[in-house]
Amino acid sequence: MSAPSDSPQEGGKEDSNKQRQSNLQRIQQRKQSVREWPQDKKMEKLAIYSSCKADESCKCNGWKNPNPPPNPPRPDAPTPTSTPTDPCRTCSHPLSSHVSHLTTVGEDELDRLLGIVVDVENLFMCVHKEEDSDTKQVYFYLFKLLRRCILQLSKPSVEGPLGNPPYEKPSIAKGVTNFVLFKFNHLPPKEWQMMYDLAKMFLHCLNHWKLETPTARKQQMSAEEISAYKVNYTRWLCYCHVPAFCDSLPHYDTTLIFGRSLLKSVFQTMRKQLLDKFRAEKDKMPPEKRTLVLTHFPRFLSLLEEEIYSNVSPIWDPEFKQNPPAHVTAGAGTMGEVPVAGFKKRPGDALEEDSEDVKRRKYEDENLEEAVAEIVGIIEDQNRQLGPQAMFPEHAPRDEAAKIEERNKVIEFHCIANSLTDRVPKQTMLWLIALQNVFSHQLPRMPKEYITRLVFDPKHKTLALVKDGRPIGGICFRMFPSQGFSEIVFCAVTSNEQVKGYGTHLMNHLKDYHIRNGVMHFLTFADEFAVGYFKKQGFSKDLKLPKSVYGGYIKDYEGATLMGCELNPKIVYVEFTAVVRRQKEILKKLVERKQEQIRQVHPGLTCFRDGTREIQVEAIPGILETGWEPPPVDKSRYKSTRNSDEKADAEHLYNVLKTILTACRNHQSSWPFLNPVDRKAVPDYYEHIKFPMDMKTMAERLKANYYVNKRLFIADMKRMFTNCKAYNAPETEYYNCANVLDRFFINKLKDHGLIEKV
């Protein structure tokens, strides 16, 4: 796997970003997959990278399979291809001699070593694919470093003449912060905020910038400059670029560990390529961002350039100190985000801020964290929460009653399964029998023999809801860890215990169980009575998993709808509704406090007694404090012609069609339609499809003002879907993508008022 690249100077920034994200996701999925392997498979993998421990004279540094299979299995297959007694092809000692030192190592340490193994294999590919000699040398050094860490069971640490970060003070982030404070402190709040946002955007771009190789810069620099640049380039590779996709290595942001010297060497090139990139993408930007990056950003960069190359600029002085403007220090939450201490938050995380947020900050004059802490204290103080709202809250979550019963030990949850190898406790067997009865009664259309076979199948597990010592409901499922999903086969709660929130709480426990086991997707076939329940639990008919992942693993059911659910590992699902409810209460209290501050009674106007006939609206006391602004002057009222109206209509249609086309191109099911079908890859396509269409052609037509009305645009999009369905069979992924994208397209047309909502 090649090193992911996301630098703006490379062609097709959007494609490279997608490729980078895809690479990083693939690496993380690979690591998750190997961590779920059985113990013997893990040992077999680590043996390849572990030295022989049979005796001290053996110099073998990795076990090699004496009989590699003629058809090698998939690298992520969890089944081992060898046994501990198989001899090494190099030293003839058994596999167990290469991993004897790992038998006492904990599970977490084994998983850490396996993560390093994945990084070693990625770096091995990088070494072979890289053409630049300097970069190849660094990749090879890091490859050997990680290889040595596996042999010695140590943690990776880059040592040698490079030194340790940070390499220069002040850092680039601190210097750019100083620049904003030094140059723009005199500006009004709105303009100052804009310059602050531009600074964050610049730092964000630099953190994701791929530096040019020293070889590519030889023509532009002197020998002394190229020598210094080569050192910084090597440091950047070791601490910023490679750790972005090899997380076994410590990772740092470029703007936090480098200073003025690196910025001087890359600024000119980066500035030119950034502005070229923005100009090329201007048609894809919303009007506000277009103005920001094409009008204000060049001026910002010009002023920053003067300070970078000036010998007397104060912003690079380690002792530089300048207080932020008054409106920043007065606004709660604003200064906490200004990068005064070197951008603790990753620069650019909040790049495009809402103008409404800026307005609100103008009126915030109390510390937000203190206010929230005080409100939380009030909410948690039961003595201050007396009253009907506290005892009987309206709109209580569905699972609230079930959570209370679980806290009071009225109900319990147990994950149980049958086994053919281990002795099954009597209690477990009794619960499985009871669950088989629950499923049979609640799912009468399912054959009892089929239910019995799956409930007692050792490959299936059941999350049992137990009340008063007997199961009253459960979810039977089968996990496919290597594929990253589980299939839910049965889900039921006995009829006299329904409508109590048990179903929601049961599903939330199942979600948390799967997150703990590293499985992030559910699939299920729901009949017409169960579709509503699964929708409430976050399931959807638009699957996030490609068919290639689950095809052949799960069985199709006639008359049922395939639904899927993607889990978020950052959420604790059994506490989710309580957290959201608490957040709503905090926001409600904050709004009430703000309303108390804003609702002020001002004295009446007395100016009219003195003969004044009229005053400006903004002169009325309290008007500006509410956030009111004078309306912009509508010049079209004074100069409006039929031609200008038609031009406005055409521009509006163009913007709407462009928005819809961009949304369709960014959809996850759009990949078959992004470009024309390749004649070499599909030789007979154009024999069957006489009028081909794709979204690249549509984008070109839109740019050339071909779509003078919505009918032409809709006709081209529909032709594209019709072509796909005519050429591909219904069971193919292409056919499924056409259906999904077609539904998405129709919804977008309705949202923008191009067709009527039914």
Side-chain angles (χ1 to χ4, degrees), residues 17-36 76 397-399 415 460-461 463 475-491 503-526 530-557 560-580 583 663-672 733 736-737 739-744 747-748:
N17 266 343
K18 289 178 182 176
Q19 180 65 31
R20 174 178 180 269
Q21 290 302 320
S22 175
N23 284 342
L24 293 178
Q25 289 173 0
R26 197 177 300 121
I27 291 170
Q28 291 306 316
Q29 288 172 356
R30 168 72 172 146
K31 288 187 176 183
Q32 185 61 41
S33 174
V34 300
R35 286 167 183 153
E36 293 170 355
D76 58 348
R398 285 189 296 271
D399 62 341
C415 190
H460 287 72
K461 296 181 181 180
L463 182 64
I475 299 177
C476 182
F477 62 94
R478 179 176 177 180
M479 297 176 72
F480 297 93
S482 63
Q483 303 304 109
F485 78 93
S486 276
E487 181 191 13
I488 295 176
V489 290
F490 306 125
C491 176
T504 297
H505 200 41
L506 190 63
M507 184 62 73
N508 287 339
H509 269 288
L510 186 68
K511 291 176 179 178
D512 287 342
Y513 174 83
H514 278 75
I515 289 173
R516 290 194 298 271
N517 287 276
V519 177
M520 300 300 165
H521 290 272
F522 285 156
L523 290 177
T524 188
F525 278 95
V531 168
Y533 164 78
F534 282 109
K535 279 187 176 179
K536 291 176 183 176
Q537 309 308 319
F539 284 70
S540 169
K541 297 176 186 177
D542 293 329
L543 304 183
K544 303 295 183 183
L545 281 175
K547 191 170 183 179
S548 57
V549 173
Y550 63 84
Y553 287 88
I554 64 175
K555 181 181 177 183
D556 289 343
Y557 293 88
T561 303
L562 181 60
M563 303 181 74
C565 177
E566 184 177 16
L567 306 183
N568 187 330
K570 296 180 180 179
I571 295 176
V572 180
Y573 282 91
V574 292
E575 299 296 334
F576 182 63
T577 53
V579 171
V580 172
Q583 290 173 343
C664 290
R665 294 178 75 178
N666 291 334
H667 193 274
Q668 63 181 12
S669 296
S670 67
W671 57 269
E733 196 166 353
N736 183 49
C737 286
N739 282 334
V740 172
L741 194 59
D742 191 7
R743 289 196 297 270
F744 178 82
N747 289 334
K748 283 295 175 184

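Looking at heavy atoms from C-beta onward, F480 lies in side-chain contact with I554 at the 4.5 angstrom threshold. Contact check for E566 versus L545: no side-chain heavy atoms found under the 4.5 Å cut-off. K511 is listed as a side-chain neighbour of M507, based on a closest heavy-atom distance under 4.5 Å. Contact check for F744 versus S669: no side-chain heavy atoms found under the 4.5 Å cut-off. Residues V574 and V572 are in side-chain contact: their nearest non-hydrogen atoms beyond the backbone lie under 4.5 Å apart. Contact check for C565 versus F485: no side-chain heavy atoms found under the 4.5 Å cut-off.
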Checklist entry - What do the steps show when you test L510 against D512 for side chain to side chain contact (heavy atoms under 4.5 Å, CB included), and what is the final call? => result CA-CA 5 Å; L510 186 68; D512 287 342; over 6 Å; no
Checklist entry - After noting the C-alpha distance and the side-chain angles of H509 and Y513, does the key distance pass the side chain to side chain contact (heavy atoms under 4.5 Å, CB included) rule? => result CA-CA 6 Å; H509 269 288; Y513 174 83; over 6 Å; no
Item to check | F525 vs M563, side chain to side chain contact (heavy atoms under 4.5 Å, CB included): CA-CA, chis, key distance, verdict | outcome: CA-CA 6 Å; F525 278 95; M563 303 181 74; over 6 Å; no
Item to check | CA sep, side-chain torsions, deciding dist, call: L562, K541, side chain to side chain contact (heavy atoms under 4.5 Å, CB included) | outcome: CA-CA 6 Å; L562 181 60; K541 297 176 186 177; over 6 Å; no
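Taking the six-membered ring for Trp and thresholds of 30 and 60 degrees, Y573 and F576 have ring planes inclined between 30 and 60 degrees apart.
Between atom CD of residue E487 and atom NE2 of residue H460 there is a gap of 6.5 Å, rounded to the nearest 0.5 Å. From I475, atom CD1 reaches atom SG of C415 across 10.5 Å, with rounding to the nearest 0.5 Å. Taking CZ of R26 as the reference point, atom NZ of K31 lies at 14.5 Å (rounded to 0.5 Å).
When only modelled atom types and interatomic distance are considered, Q537 and T504 share a side-chain donor-acceptor pair under 3.5 Å. Side-chain polar atoms of Y553 and Q483 form a donor-acceptor pair below 3.5 angstrom. Of the N and O atoms on the side chains of S486 and H521, not one donor lies less than 3.5 Å from an acceptor on the other residue. Using a 3.5 Å distance cut-off with no hydrogens or angles, the side chains of Q32 and Q28 do not pair a donor with an acceptor.
Closest of all the heavy-atom pairs between M479 and F477 is CG-CE1, 3.7 Å. When all heavy atoms of C664 and L741 are compared, the pair lying nearest together is O-CD1, 3.8 Å. Taking each heavy atom of P569 and M520 in turn, the nearest pair found is CB-CE, 3.9 Å. Summarising the geometry of Y533 relative to G503, their closest heavy-atom pair is OH-O, 2.9 Å, with the distance given to 0.1 Å.
Put simply, the side chain of N517 never gets that close to the backbone of V519: no donor and acceptor are under 3.5 Å apart. Proximity of a side-chain donor or acceptor of S670 to a complementary backbone N or O of R665 within less than 3.5 Å is detected. The backbone N or O of I488 sits less than 3.5 Å from a side-chain atom of T524, completing a donor-acceptor pair.
Between F522 and H514, a ring centre-to-centre spacing shorter than 6.0 Å is recorded.
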